[in-house]
Amino acid sequence: RFSLVQYEAALQAFRSGTKAEKQAWQISLGFTGDDVDGVPGPATRGALEARRPVNADGTSAVPTPARLDFSRFDRAAFFDGVRSLFRGGLSQDQVEGIEHLLRVWQREGTSDYRHLAYALATSFHETGQRMQPVREGFATSDAGARQAVASLYRRGKIRRNYALPDPKTGASHYGRGDVQLTWPDNYDRMGAILGLPLRAKPDLALDPEVSKRILVEGLTRGASTKG
């Protein structure tokens, strides 16, 4: 078993460390040869979980993060307070998007209401007030989003056309979701945290549950770099 310090260091490295740091921890977990690839997939996560420190009574020694006390959260007052921010009031889709983010935050977020407010504001801004995951440029298709990024590049608005197909997967890593996750490395990093093949299948970031988790993880753990 790892000590608590070792376990948390390994967890942090697998979330946001360099490839070399991830490989070093894979070696410490007993991986060899081609398995030391710096990609914390299911096998790596399983090996780390097997090393999770425990107390003398067998319970986990890893502290449980503090969460918001939603028993005192007045949803009616909250929605009354934010309704004026939305043009024409709140649609059912917007309400469902907000409620979904609240549920994910209650499960995985911090105990600071300011952090939750920032998450809600991020979704509000990045989705054009839809509060549901969107493709870049609010495109309705993969081709449309690629065209939107290509147009920005042609007009000199961006320095690189980041919607070009990935040479390994053919996928395009333009912005998706509530937070507009962008760039292959960020899809890789967030995929490792969530245990999903986001780089190979980036449209998974358009799933409402996945999208909300990406937003919360990126905000609370600093798991995404720019983009």
[Y] side chain reached by [X] side chain, heavy atoms, under 4.5 Å:
{"X": "S123", "Y": "L215", "result": "yes"}
{"X": "D188", "Y": "L198", "result": "no"}
{"X": "K212", "Y": "H100", "result": "yes"}
{"X": "Q94", "Y": "F79", "result": "no"}
{"X": "Q180", "Y": "P133", "result": "no"}
{"X": "I193", "Y": "R213", "result": "no"}
{"X": "F14", "Y": "Q26", "result": "yes"}

Side chain of [X], backbone of [Y]: donor and acceptor closer than 3.5 Å?
{"X": "E126", "Y": "V134", "result": "no"}
{"X": "W105", "Y": "T110", "result": "yes"}
{"X": "D35", "Y": "F31", "result": "no"}
{"X": "T122", "Y": "Y118", "result": "yes"}
{"X": "E108", "Y": "V216", "result": "no"}
{"X": "E136", "Y": "A148", "result": "no"}
{"X": "H115", "Y": "T220", "result": "no"}

* side chain to side chain donor-acceptor pair (under 3.5 Å) between S60 and R52: does it pass, once the steps are laid out? -> CA-CA 7 Å; S60 174; R52 175 187 283 266; 3.1 Å; yes
Applying a strict under-4.5 Å side-chain criterion to I, L, V, M, F, W and Y, I'd like to know whether [X] and [Y] cluster together.
{"X": "L196", "Y": "V39", "result": "no"}
{"X": "L101", "Y": "Y113", "result": "yes"}
{"X": "L219", "Y": "L11", "result": "no"}
{"X": "L102", "Y": "I214", "result": "yes"}
{"X": "L206", "Y": "V210", "result": "no"}

* Is the count of non-hydrogen atoms from other residues, nucleotides or ligands lying under 6.0 Å from D57 atom CG greater than 12? ->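 Yes, because the 6.0 Å sphere around CG of D57 holds more than 12 heavy atoms from other groups.
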* Do Y174 and Y162 have their ring centres less than 6.0 Å from each other? ->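 No - the distance between ring centres of Y174 and Y162 does not fall below the 6.0 Å cut-off.
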* **Within the 6.0 Å centroid threshold, strictly below: F124 and F86** =>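 Centroid separation for F124 and F86: below 6.0 Å.
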* To do: Dump the intermediate steps for side-chain contact (heavy atoms from CB on, under 4.5 Å) on T140 and R135, then the final yes or no.
  => CA-CA 7 Å; T140 58; R135 297 181 191 273; over 6 Å; no
Between [X] and [Y], does at least one N-O distance fall below 4.0 Å, as a salt bridge requires?
{"X": "D112", "Y": "R114", "value": "yes"}
{"X": "E99", "Y": "R75", "value": "yes"}
{"X": "R130", "Y": "D93", "value": "no"}

Which heavy atom in [X] sits nearest to a heavy atom in [Y], and how many Å separate them?
{"X": "S172", "Y": "A163", "result": "OG-O, 2.6 Å"}
{"X": "Q106", "Y": "F70", "result": "NE2-CB, 3.4 Å"}
{"X": "L48", "Y": "A10", "result": "CD1-CB, 3.9 Å"}
{"X": "A200", "Y": "A171", "result": "O-CB, 4.1 Å"}

* side-chain contact (heavy atoms from CB on, under 4.5 Å) assessment of F2 paired with S28 -> CA-CA 10 Å; F2 278 170; S28 72; 4.0 Å; yes
* Check step by step if side-chain contact (heavy atoms from CB on, under 4.5 Å) holds for M190 and L181. => CA-CA 9 Å; M190 195 58 68; L181 186 69; 4.3 Å; yes
* Asked: Could you walk me through whether T127 and D178 pass the side chain to side chain donor-acceptor pair (under 3.5 Å) check?
  -> CA-CA 6 Å; T127 69; D178 285 72; 5.4 Å; no
* Asked: side chain to side chain donor-acceptor pair (under 3.5 Å) between S71 and D69: does it pass, once the steps are laid out?
  -> CA-CA 5 Å; S71 66; D69 180 7; 2.4 Å; yes
* Any chance you could lay out the side-chain contact (heavy atoms from CB on, under 4.5 Å) test for D142 and R176, step after step, and finish with the verdict? => CA-CA 10 Å; D142 181 71; R176 291 177 177 83; 3.5 Å; yes
